[in-house]
Amino acid sequence: MSTAVAAGNMPDVTGGYLAFLRELPRFLEAAGAKAEPCSLIIVHLSNLNRINRAAGYPVGQRMSSALAGELRKMLRGDDWMAPLAVDRYAIVLGRVRNAGHVMLAANRISRIAAGLPVPDGSNLTLEVRAGAALFPEHGEKGDLLLRNAELAVEAAAQGKVDFALYEAEVFQDMTGDWDLEADIRPGLENGEFEMFYQPKIDASTLLPCGAEALMRWRSPRHGYVPPDRFIALAENSDCIDALTSFALHGAARTAMEWGPDHRSLSVAVNLSPSTINRGNVLSSFEQAAAIWGIGMERFTAEVTENGIIATGGAALRVLDDLRSAGVRVSIDDFGTGNSSLAYFKDLPADELKIDKSFVIAMLENDANFRMVKTIIDLAHGFDRKVVAEGVENAECVERLQQLGCDVLQGYHFSRPVSEEGFRRYLDSCRWHAQ
Ligand code: G
Ligand code: G
Ligand code: MN
């Protein structure tokens, strides 16, 4: 199969992907020398996998070749194209030099794809998404231009549109995320991550009954990165397991090191939806417990309501298994999710954590106060313990005690602190307790 365009002195990309990567910089250098702008479009066959599954891989392959054939017919003398993968083509359009031009070209590409029926009677049609970057505005070098065109493809996919053109201001954030994501695993290996601990306080004795383990990342390149940010990125990549494992082992080791005087303290680890979905959660807990010599009942697993819903029914079984093995299950951020009461009554949970937004606001007005009271009564009605997070002052403590809340957590007692800081906190409590 020849992928090179015959006309002119166009690059020879018969070698496909590698040839393209070799030829693009040369081509751009020549174009730059002649001050001739051009544009790079990446065409992604976004539903090729679905076609493969529905109609078979040979059909998918034929669709990809047919599209390439049709696209090639659209090219003129100073255009060229090459396959980047079976579901991806790169097209360099020689005389297409502004946003308007490239949009017209992208429109034609969409129409060409839509005109190719999938020959299996399944009513599937080929879907393509295209992304483009302009030379030299969006990148003077081949790799940058390619990367920015890929970013545009991703933006098109996220925006569910056929085509997107690279936009420096908008896409900076995306590249920032990519950089961050790529630095998670090396950061973990370089010891940039650390677990912090925030005490959970027994509301009746005001003594600690456990701690929530919270991950902290100080990156030499990005500074302090909040967990909300890197956890979400890790969930989309394959490093969430490594992070969860780091949290579990850190938490188990710390609980062991609290020593025999604090054997009743439980340590809570946050689990993200994708972690619950892996299916090996239970064995991860068992391993951590075995390695660090603590009982499974020392662990609490915190999962959000929405996290459970996001996994469909799958999470319910995993949580059931964890509970059967002795792990406490806690529903985090309770009250902010979309679950119904019908769902709530079947949740395999020992504990609910009232979201801090309600607790922080509970003294502001009566409605917020009643909200907290209602959640506490609801939980108790179903034999679950209640944790209030976001307890920031003494008045809040008192009111929550009156409402029968079981456990308190918040800045009033302590912010999340290092392992060493938590140790000091425990020591100071012992002193008070005597
Ligand atoms: O500690 P901070 O308030 O910045 O935490 C913000 C969010 O990040 C919290 O909702 C918390 O559940 C989440 N988070 C913190 N540490 C971990 C962790 O180890 N694993 C997961 N999955 N989430 C975490
Ligand atoms: O969603 P999750 O419960 O996992 O979030 C826990 C986070 O909530 C902690 O990491 C901490 O940063 C934050 N937090 C804990 N206590 C308080 C508090 O009293 N006030 C506020 N504003 N945030 C808190
Ligand atoms: Mn939590």
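Remember, it's 1-based here, ligands and their atoms both numbered in the order they're listed.
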Of the backbone and side-chain N, O or S atoms of T304, does one lie nearer to the Mn ion (ligand 3) than 2.8 Å?
no
Answer yes or no as to whether an N/O/S atom of E302 is found below 2.8 Å from the Mn ion (ligand 3).
yes
Show the atoms of ligand 2 that are less than 4.0 angstrom away from any heavy atom in G410.
16 (N), 19 (O)
Side chains of Q61 and N52 only: does a donor on one sit below 3.5 Å from an acceptor on the other?
no
Do R328 and E302 meet the salt-bridge criterion of a basic N to acidic O distance under 4.0 Å?
no
Nearest protein heavy atom to atom 1 (O) of ligand 1: under 4.0 Å?
yes
If you apply the rule side-chain contact (heavy atoms from CB on, under 4.5 Å), what do you find for C396 with V359, and how did you get there?
CA-CA 8 Å; C396 210; V359 178; 4.0 Å; yes
Option of least heavy-atom distance to atom 7 (C) of ligand 2 (set: K353, E392, E389, K356):
K356
Should the proximity of N270 to ligand 2, defined as any heavy atom under 4.0 Å, be assigned to the side chain, the backbone, both, or neither?
side chain
Hey, is E257 close enough to R253 for a salt bridge, meaning N to O under 4.0 Å?
yes
What is the name of the N/O/S atom in D332 that sits closest to the Mn ion (ligand 3)?
OD2
Using the side-chain contact (heavy atoms from CB on, under 4.5 Å) rule, pick out the option among P416, S414, P199 that qualifies with F422.
P199
Closest non-hydrogen protein atom to atom 10 (O) of ligand 2, residue and atom name please, with distance?
L214 CD1, 3.1 Å
Between E154 and R129, does at least one N-O distance fall below 4.0 Å, as a salt bridge requires?
no
Kindly indicate, with the supporting measurements, whether the criterion side chain to side chain donor-acceptor pair (under 3.5 Å) is fulfilled by S266 and T300.
CA-CA 7 Å; S266 145; T300 298; 2.7 Å; yes
What protein heavy atom lies closest to atom 5 (O) of ligand 1? Include the residue and the distance to one decimal.
P227 CG, 3.5 Å
Output yes when the distance from some N or O of ligand 2 to some N or O of E302 is under 3.5 Å, and no in every other case.
no
Give the residue, atom name and distance (to 0.1 Å) of the protein heavy atom nearest atom 11 (C) of ligand 2.
P416 CG, 4.0 Å
V391 heavy atoms within 4.0 Å reach ligand 2 at atoms 19 (O)
Looking at the Mn ion (ligand 3), which N/O/S atom of E212 is the nearest one?
OE2
Is the Lys NZ or Arg CZ of R218 less than 6.0 Å from the centre of F193's six-membered ring, within 45° of the axis?
no
Going by an N to O cut-off under 4.0 Å, is there a salt bridge joining E150 and R88?
yes
Q198 near ligand 1, heavy-atom distance under 4.0 Å?
no
Could a heavy atom of E212 be found less than 4.0 Å from some atom of ligand 2?
yes
Under 3.5 Å between some N or O of ligand 2 and some N or O of D332?
yes
Nearest neighbour in protein (non-hydrogen) for atom 16 (N) of ligand 1
M215 N, 3.0 Å
Can you tell whether the side chains of E189 and R185 come within less than 4.0 Å, N to carboxylate O?
no
Among F334, F196, Y411, closest by any non-hydrogen atom to atom 19 (O) of ligand 2
Y411
Hey, what's the ring geometry for F344 with F334, parallel, tilted or perpendicular (30° and 60° as the breaks)?
tilted
Please confirm whether I360 comes under 4.0 Å of ligand 2, counting heavy atoms of the residue only.
yes
Please confirm if an N, O or S atom belonging to E389, backbone or side chain, lies less than 2.8 Å from the Mn ion (ligand 3).
no
State whether E389 and K200 are salt-bridged, where the test is any N-O pair (Lys NZ or Arg NE/NH1/NH2 against Asp/Glu carboxylate O) under 4.0 Å.
no
Considering only protein heavy atoms, which is closest to atom 9 (C) of ligand 1, and at what distance to one decimal place?
D228 OD1, 4.1 Å
Test: D350 and R323 ion pair at under 4.0 Å
yes
Could you tell me whether ligand 2 has any atom less than 4.0 Å away from a heavy atom of R216?
yes
Which atoms from ligand 2 have a heavy atom of D333 less than 4.0 Å away?
1 (O), 2 (P), 3 (O)
salt_bridge(D377, K373) N-O dist < 4.0 Å
yes
